[in-house]
J.: 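First, the structure itself, so that you have it in front of you.
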Amino acid sequence: MRAPSGILRHFFLTLLALWLSLGLSPAPASADTRVALVIGNGAYVSTAQLPNPSHDAEDVAASLKRSGFEVFQGIDLRQADMQDLTIRFARAASRADVAMFYYSGHAMQYNGVNYLMPVDAVLTDEADLKRFVRVDDIVNDLQQAKNLRILVLDSCRDNPLAETLKRSAGSTRAASIGRGLSKVEAPRGTIVSFSTQSGQVAADGTGRNSPYTTAFLKHIEEPQEIGDVFRDISSDVYDSSGKTQLPELSLSIIGKFYLNGPVTVAPAAAQAAPKADPCAAAEAHWKAAEGIGTLGAFEDHLARFPNCIFATLAKARIEGLKQKVALAPSGNARTTGSKDFDGSWDVTLNCPASGKAQGFTRPLVATVTNGVFHAEVQGPGGVNRLEIDGQIPADGKTTLSARGTTGASTYTLNNLAPGSPYAFTVDAQFDRTRGSGKRNEARACNLVFVKR
């Protein structure tokens with residue numbers, strides 16, 4: 001039997017009045033469960049204290065709460081308290097859709113393993129590392145979350161205790177204690193963001209927050225896709241540091257995630273293939289371009305990835321190289337090379353098969369002008385290009401720079417795709433009639449020089 005509409009209207013108005021009288025308000029339904037562990041350690045007992053981490057943790061915790069996170073917060077935690085809080089977080093992450101770990105404070109790497117430092121930790125020898133929290137354990141805890149996991153470490157600061165451990169380990173093992181932190185590759189469904197690149201040291205800054213956390217707080221609440229949010233954070237840190245500090249960023253996520261705005265994954269249509277991330281290969285290509293170090297390599301990177309994280313850095317490198325060219329002496333000026341070797345040379349490049357890479361023999365024609373050696377050859381379509389350059393001093397002993405792009409199929413380095421840039425060096429010894437050189441690497445390519 002249907003109730004009269006007037007009775008229903010009176011019932012709902014009465015319910016609403018009761019709701020408001022109790023100070024309640026209708027809250028939007030949350031589409032996911034979010035948990036975060038935020039730690040700021042700065043008041044260290046046995047090493048230099050840090051002024052920012054307590055402020056960093058307070059401000060980050062408040063920001064994440066505004067974005068719907070249940071936040072576990074700890075400031076200046078001793079070893080027992082830090083372990084207890086990470087255990088509580090691990091349990092919470094197992095029931096969450098989104099989990100984030102944020103840490104500001106001292107950390108270090110040893111034998112390629114990253115460690116976070118409680119405020120009461122000491123470090124007299126390797127055994128004391130058991131007092132630290134392993135980043136690998138945190139990554140494992142994050143993997144329990146169902147959809148999105150985020151690891152943020154604003155902790156690549158110079159740690160004076162590392163020097164103590166070096167002395168304890170002795171000179172034969174000191175090399176295992178690296179500068180800054182070692183790189184962490186993001187597992188699937190994870191974002192890993194360090195305040196600076198692996199092996200580098202981040203600045204503390206002079207304000208309330210560190211430079212990285214300042215950028216983090218600026219962008220983390222924006223209604224942007226989470227990958228774009230962290231790219232913007234990295235760009236801000238790089239620009240604000242005068243292009244000296246570039247955060248390490250590794251993303252391995254499928255679909256689009258939002259902390260503010262849409263709150264769920266935006267899946268692709270079942271019949272359509274997922275849209276490729278245009279910046280997915282930017283990091284690998286940038287490292288290859290840096291290895292080559294030429295104007296053409298940086299221009300190629302900028303053309304391929306104009307809107308990705310290394311675009312600004314590529315522009316700076318291009319400008320710097322162009323300025324060097326403008327300031328360099330003209331081609332007629334005498335270089336440091338010797339004219340004793342000037343002339344035309346026949347060069348045979350013999351690369352043996354190695355692993356999956358097929359061997360090949362490739363002839364080149366070289367010229368030496370004012371002691372400057374140059375040889376090049378290019379295949380169809382601009383791929384399979386190779387250039388070799390260098391200066392030859394009076395004794396004929398030199399190191400040449402070889403660079404190029406991989407060919408279509410016959411020979412690739414490290415399984416790079418066709419057209420990918422690569423580079424290596426060649427140690428060579430010239431005389432006025434013949435010379436030879438050999439790559440000083442495992443996959444040796446023999447260069448045979450015969451003067452015409």
Side-chain angles (χ1 to χ4, degrees), residues 27 30 32-45 49-107 114-121 131-135 137-145 147-157 190-195 202 204-205 207-222 226 229-230 233 259-260 263:
S30 176
D32 56 9
T33 302
R34 305 172 178 185
V35 297
L37 174 54
V38 178
I39 297 177
N41 284 347
Y44 287 96
V45 175
Q49 297 192 359
L50 301 173
N52 302 122
S54 61
H55 300 146
D56 292 341
E58 291 171 355
D59 296 343
V60 168
S63 176
L64 295 181
K65 288 177 183 177
R66 291 192 293 269
S67 294
F69 281 85
E70 175 190 357
V71 177
F72 297 83
Q73 181 180 347
I75 295 176
D76 294 333
L77 296 179
R78 303 174 72 85
Q79 177 190 359
D81 296 330
M82 196 165 174
Q83 290 177 343
D84 179 68
L85 199 56
T86 55
I87 291 171
R88 291 170 56 196
F89 172 68
R91 291 170 177 159
S94 66
R95 66 174 190 273
D97 298 297
V98 179
M100 180 187 297
F101 178 85
Y102 169 94
Y103 176 81
S104 177
H106 273 315
N114 294 321
Y115 296 88
L116 308 180
M117 183 176 173
V119 296
D120 61 340
R131 307 176 191 274
F132 290 52
V133 174
R134 286 165 49 100
V135 172
D137 294 336
I138 299 297
V139 173
N140 291 335
D141 293 341
L142 286 170
Q143 296 314 297
Q144 299 181 82
N147 289 334
L148 177 62
R149 308 104 185 185
I150 303 173
L151 173 68
V152 179
L153 298 183
D154 186 5
S155 54
C156 304
R157 298 170 170 87
T190 305
I191 295 173
V192 175
S193 181
F194 287 5
S195 56
D204 291 319
R208 173 179 171 85
N209 303 117
S210 72
Y212 178 88
T213 297
T214 298
F216 181 91
L217 293 170
K218 176 181 176 182
H219 293 287
I220 196 64
E221 295 183 57
E222 292 179 346
I226 191 64
V229 167
F230 276 93
I233 292 171
L259 295 184
N260 294 281
V263 293

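Because the structure is a prediction, the values reported are computed rather than measured.
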J.: Quick check against the 3.5 Å criterion: does Arg131 have a side-chain atom that pairs as donor or acceptor with the backbone of Asp120?
T.: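 No, the answer is negative, given that no donor and acceptor are paired below the 3.5 Å cut-off.
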J.: Nearest 0.5 angstrom please: Leu116 CG to Asn41 CG, how far?
T.: 8.5 Å
J.: To the closest 0.5 Å, what do you measure between OH (Tyr103) and CG (Leu37)?
T.: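 It is 11.0 Å, given to the nearest 0.5 Å.
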J.: When rounded to the nearest 0.5 angstrom, what distance separates CZ in Phe216 from OG in Ser193?
T.: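 Interatomic distance, Phe216 CZ to Ser193 OG, rounded to 0.5 Å: 8.0 Å.
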J.: Closest approach of Ser63 and Leu217, non-hydrogen atoms and distance?
T.: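 Looking at all heavy atoms of both residues, the shortest contact is CB-CD2, 4.0 Å.
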J.: Restricting to salt bridge (Lys or Arg N to Asp or Glu O under 4.0 Å), what partner residues turn up for Asp59, sequence neighbours left out?
T.: Arg208
J.: Can you give me the closest heavy-atom contact between His55 and Pro51, atom names plus distance?
T.: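 In this case the closest contact between His55 and Pro51 is ND1-O, 3.8 Å.
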J.: Please answer whether the main-chain N or O of Leu148 pairs with a side-chain N or O of Asp97 as donor and acceptor at a distance below 3.5 Å.
T.: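 No, because the side chain of Asp97 does not come within donor-acceptor range (under 3.5 Å) of the backbone of Leu148.
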J.: Any side-chain heavy atom of Val135 within less than 4.5 Å of one from Leu151?
T.: yes
J.: Side chains of Phe89 and Leu85, heavy atoms from C-beta outward: is any pair under 4.5 Å?
T.: no
J.: Under 3.5 Å, is there a donor on one side chain and an acceptor on the other for Asn209 and Asp56?
T.: yes
J.: Output all residues satisfying side chain to side chain donor-acceptor pair (under 3.5 Å) with Tyr115, sequence neighbours left out; order by chain, then residue number.
T.: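 Once residues adjacent in sequence are excluded, Tyr115 has no partner under the side chain to side chain donor-acceptor pair (under 3.5 Å) criterion.
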J.: Hey, does Ile220 have a side-chain heavy atom less than 4.5 Å from the side chain of Tyr102?
T.: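 Of all side-chain heavy-atom pairs linking Ile220 with Tyr102, none is under 4.5 Å.
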J.: With rounding to the nearest 0.5 angstrom, report the CD1 to NE2 distance, Ile226 to His219.
T.: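 Atom-to-atom, Ile226:CD1 and His219:NE2 are 12.0 Å apart.
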J.: With a cut-off of 3.5 Å and sequence neighbours excluded, list every side-chain donor-acceptor pair involving residues 69-82.
T.:
from  : atom 1 : to    : atom 2 : distance (Å)
Glu70 : OE1    : Arg95 : NH2    : 3.3
Asp76 : OD1    : Gly42 : N      : 2.9
Asp76 : OD1    : Ala43 : N      : 3.0

J.: Ignoring hydrogens, what is the shortest heavy-atom contact between Glu221 and Ser67? Give both atom names and the distance.
T.: CG-OG, 3.8 Å
J.: Using the side chain to side chain donor-acceptor pair (under 3.5 Å) criterion, which residues pair with Thr214? Sequence neighbours excluded.
T.: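 For Thr214, no residue satisfies side chain to side chain donor-acceptor pair (under 3.5 Å) once neighbours in sequence are set aside.
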J.: Quick check for you: to the nearest 0.5 Å, what is the distance between Asp154 atom CG and Ile39 atom CD1?
T.: 13.5 Å
J.: Can you find a heavy atom in the side chain of Arg34 that is under 4.5 Å from one in the side chain of Leu259?
T.: yes
J.: Taking Tyr44 for its side chain and His106 for its backbone only, find out whether a donor-acceptor pair lies under 3.5 Å.
T.: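 Confirmed, Tyr44 side chain pairs with His106 backbone.
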J.: Looking only at heavy atoms, which two atoms of Ala57 and Gly40 are closest? And how far apart?
T.: CB-N, 3.6 Å
J.: OG of Ser210 to CG of Leu50: how many Å apart, nearest 0.5 Å?
T.: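 CG of Leu50 is found 10.0 Å from OG of Ser210.
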J.: Give me the atom names and distance for the closest heavy-atom approach of Ser195 to Ser155.
T.: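 In terms of heavy atoms, the two residues are closest at OG-N, 3.8 Å.
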J.: With Glu222, which residues qualify under salt bridge (Lys or Arg N to Asp or Glu O under 4.0 Å), at least two apart?
T.: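 Salt bridge (Lys or Arg N to Asp or Glu O under 4.0 Å) check on Glu222 returns nothing, list empty.
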J.: Which residues satisfy the salt bridge (Lys or Arg N to Asp or Glu O under 4.0 Å) test with Lys65, sequence neighbours excluded?
T.: none
J.: Working note: Ser104 + Tyr212, criterion side chain to side chain donor-acceptor pair (under 3.5 Å); need CA distance, chi angles, decisive distance, verdict.
T.: CA-CA 10 Å; Ser104 177; Tyr212 178 88; over 6 Å; no
